[in-house]
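Residue numbers begin at 1 in each chain, while the letters A, B, ... track the order of the sequences.
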Amino acid sequence: MQVSMTVNGGEVSGDVEARTLLVHFIRENLHLTGTHVGCESGYCGACTVILDSKPVKSCSMLAVQAEGSSITTIEGLASNGELHPVQEGFWERHGLQCGFCTPGMIMSSVALLEENDNPSEAEIRHSIEGNLCRCTGYHNIVKAVEYAGAKVRGEEPPPPDWEEGS
Amino acid sequence: MYPREFDYVAPASLDEAFGALGDDSKVMSGGMSLLPLMKMRLFSPATVVDIGRIPGLDAIEDSGDHISVGALVRHADTATSDLIKANAAALATAASLTGDVQVRNRGTTCGSLAHADVAADQPAAVIALGATMFAQSASGTREIAASDFFVDAMTSALRSDEILTGIRFPKAGPGEGSAYDKLGRRGGRSDYAVAGVAAWVKKSNGSIEDARVAVTGVGTKPTLAAGVAEALIGSDGSDAAVKSAAEKAIDGITVLEDLYGSVEYKSHLAKVYVARAVKAALANAG
Ligand SMILES: Cc1cc2nc3c(=O)[nH]c(=O)nc-3n(C[C@H](O)[C@H](O)[C@H](O)COP(=O)(O)OP(=O)(O)OC[C@H]3O[C@@H](n4cnc5c(N)ncnc54)[C@H](O)[C@@H]3O)c2cc1C
Ligand code: FES
Ligand code: FES
């Protein structure tokens, strides 16, 4: 079957089987391997992409269901070599360890900040409920999103934990 | 993990969809339950009929004294609709506690009802709200009461040639309110219900005039807890009255042990959550 959609601002199309999952279309046809495959069962969120402004799990959608939609993957965030504020936050606040969950964590957080650029800690945690980190670095992930929120609002990010009180 | 091969059709109208449905087909709305099951090869339909592109099914509508929710209304929409929050808090809350952000962005309220998982949240809410389900096929529309819709584990009253095109429930009148609460499998209110309870009450002159309470998660299907409602009706709705009514939470329900708890534990939870949901419904009743 023929599918076409917009990915990271560009028109793409390809020939897929009906059963081709969106995540496989993205990774294998488009060679955008930043979107990860973790559990494949809808739980871990490593495969999260933003589809028509909303975060979704690309392992739980068929490529043909995404026909005509507009998708952003982790590769579509940085522009002209400059990191997206959420990517910068993960870098600055050590929001990753092995990095496996990171693309999904970042896509969920980008979607959150687009709706609400000043989320509380509880709102941040709620919005990444569908993203699991096996390195369990949730504390720094939350700090990374707080950093990014400040950047998006044009404010100075809070100092890192390791400088507080030092 | 790939599903087995299948034919995919994305009809542009309900009529076209009815034409594509057969003995070995499955309707797909959000795909959040269907696709994982197909990937695990627990379901391998020959044809998948994706109703996601049929126009007109994604509306939440106010028809005066009722609210209707179309087949393609997603959990995220149900959870955030002011109309549903104000008139059917049990359903809005159940939707907001379903899965996670990504699941709520794709999964639909009606898909969840059609799926009829024993631990799903929405079924309890629609039973407590006294909803009507619209099962449409090429030969017409059957109206099914929510309390008759859930037949057994993963089995609804829908026939294979029918599509659940929407549901309808009454708006909250004076003195009426509803609520939903659960213990989730991942602790707190997260994930499917180990025990979940929806309650609807109608207060008048300081007592409970009418009530409906439904329990999900503990047995083979979401069930109306008739004994609880009977005990509540005519009572003053005090904490003591609610506690005593909650003792009847599992009357008529065969509680099943599963990975998440023993019969004893789940029976206890059902009572605790009946009391919580009824108190919350009373607080919501205007
Ligand atoms: C990670 C994860 C967490 C979840 N957590 C929860 C939770 O906490 N609580 C909860 O209640 N659920 C939970 N779910 C399940 C989810 O809420 C629903 O089961 C799912 O959204 C079903 O809706 P859908 O539109 O995706 O249906 P689909 O997956 O498309 O379909 C499900 C089934 O219903 C049938 N069907 C769908 N729509 C119709 C229709 N209109 N007419 C006739 N038949 C139809 C399909 O043929 C299929 O058999 C979770 C799912 C995932 C993946
Ligand atoms: S790979 Fe998609 S949710 Fe885990
Ligand atoms: S950083 Fe390793 S899984 Fe999250």
| Trace of the side chain to side chain contact (heavy atoms under 4.5 Å, CB included) decision for A:Tyr43 with B:Val103 | CA-CA 9 Å; A:Tyr43 271 89; B:Val103 168; over 6 Å; no

| said: With chain A as the partner, which of B:Arg53, B:Met28, B:Arg4, B:Met40 has the greatest number of non-hydrogen pairs under 4.5 Å? | reply: B:Arg53

Could you list the donor-acceptor pairs under 3.5 angstrom formed by side chains in residues 17-26 of chain B, with sequence neighbours left out?
residue	atom	partner	partner atom	Å
B:Ser25	OG	B:Gly22	N	2.8
B:Ser25	OG	B:Gly22	O	2.9

| said: Once salt bridge (charged side-chain N to carboxylate O under 4.0 Å, His left out) is applied, what residue pairs with a partner in residues 17-44 of chain A remain, sequence neighbours excluded? | reply: A:Glu17-A:Arg19, A:Arg19-B:Glu5

| said: side chain to side chain contact (heavy atoms under 4.5 Å, CB included), that's the test. Do A:Ser108 and B:Gln102 meet it? Break it down for me. | reply: CA-CA 8 Å; A:Ser108 290; B:Gln102 295 97 316; 3.2 Å; yes

| said: Could you tell me if the side chain of A:Gln65 sits less than 4.5 Å from the side chain of B:Leu35, heavy atoms only? | reply: yes

| query | When you measure from the side chain of B:Lys39 to the backbone N and O of A:Cys59, does any donor-acceptor pair fall under 3.5 Å? | reply | yes

| said: Please output the residues of residues 184-195 of chain B in contact with chain A, using a heavy-atom cutoff of under 4.5 Å, in numerical order. | reply: B:Arg186, B:Ser190, B:Asp191, B:Tyr192

| note | Of the listed A:Leu112, A:Leu51, A:Val56, the one with the largest count of heavy-atom pairs under 4.5 Å with chain B is A:Val56

| task | Below 4.5 Å from any heavy atom of chain B, which atoms of A:Leu62 appear? Answer side chain, backbone, both or neither. | result | both

| query | Contact part of A:Cys47 toward chain B, heavy-atom cut-off under 4.5 Å: side chain, backbone, both or neither? | reply | neither

| note | Interatomic distance, OG1@A:Thr20 vs OH@B:Tyr8, rounded to 0.5 Å, equals 12.0 Å

| field | Other residues, nucleotides, ligands: >12 heavy atoms within 6.0 Å of A:Glu115 CD | value | no

| Is chain A contacted by the side chain of B:Arg104, its backbone, both, or neither, given a heavy-atom distance below 4.5 Å? | side chain

| message | A quick test of your reading: do over 12 heavy atoms of other residues, nucleotides or ligands sit less than 6.0 Å from CD of A:Gln2? | response | yes

| remark: Counting heavy-atom pairs under 4.5 angstrom with chain B, the leader among A:Gly68, A:Ser60, A:Pro55 is A:Pro55

| query | Which region of A:Met61, side chain (C-beta onward) or backbone (N, CA, C, O), has a non-hydrogen atom less than 4.5 Å from a non-hydrogen atom of chain B, or is it both or neither? | reply | both

| Using a cut-off of under 4.5 Å for heavy-atom pairs, which of A:Leu21, A:Val64, A:Asn131, A:Ile128 has the most such pairs with chain B? | A:Val64

| Contact class of B:Met38 relative to chain A, heavy atoms under 4.5 angstrom | neither

| note | Residue from B:Pro3, B:Gly30, B:Pro36, B:Gly31 scoring the most non-hydrogen pairs under 4.5 Å with chain A is B:Pro3

| field | Residues in side-chain contact (heavy atoms from CB on, under 4.5 Å) contact with A:Lys54, at least two apart in sequence or another chain | value | B:Asn105

| message | Shorter than 4.5 Å, heavy atoms on both sides: which option in B:Asp100, B:Asp50, B:Asp7, B:Leu34 has the most such pairs with chain A? | response | B:Asp100

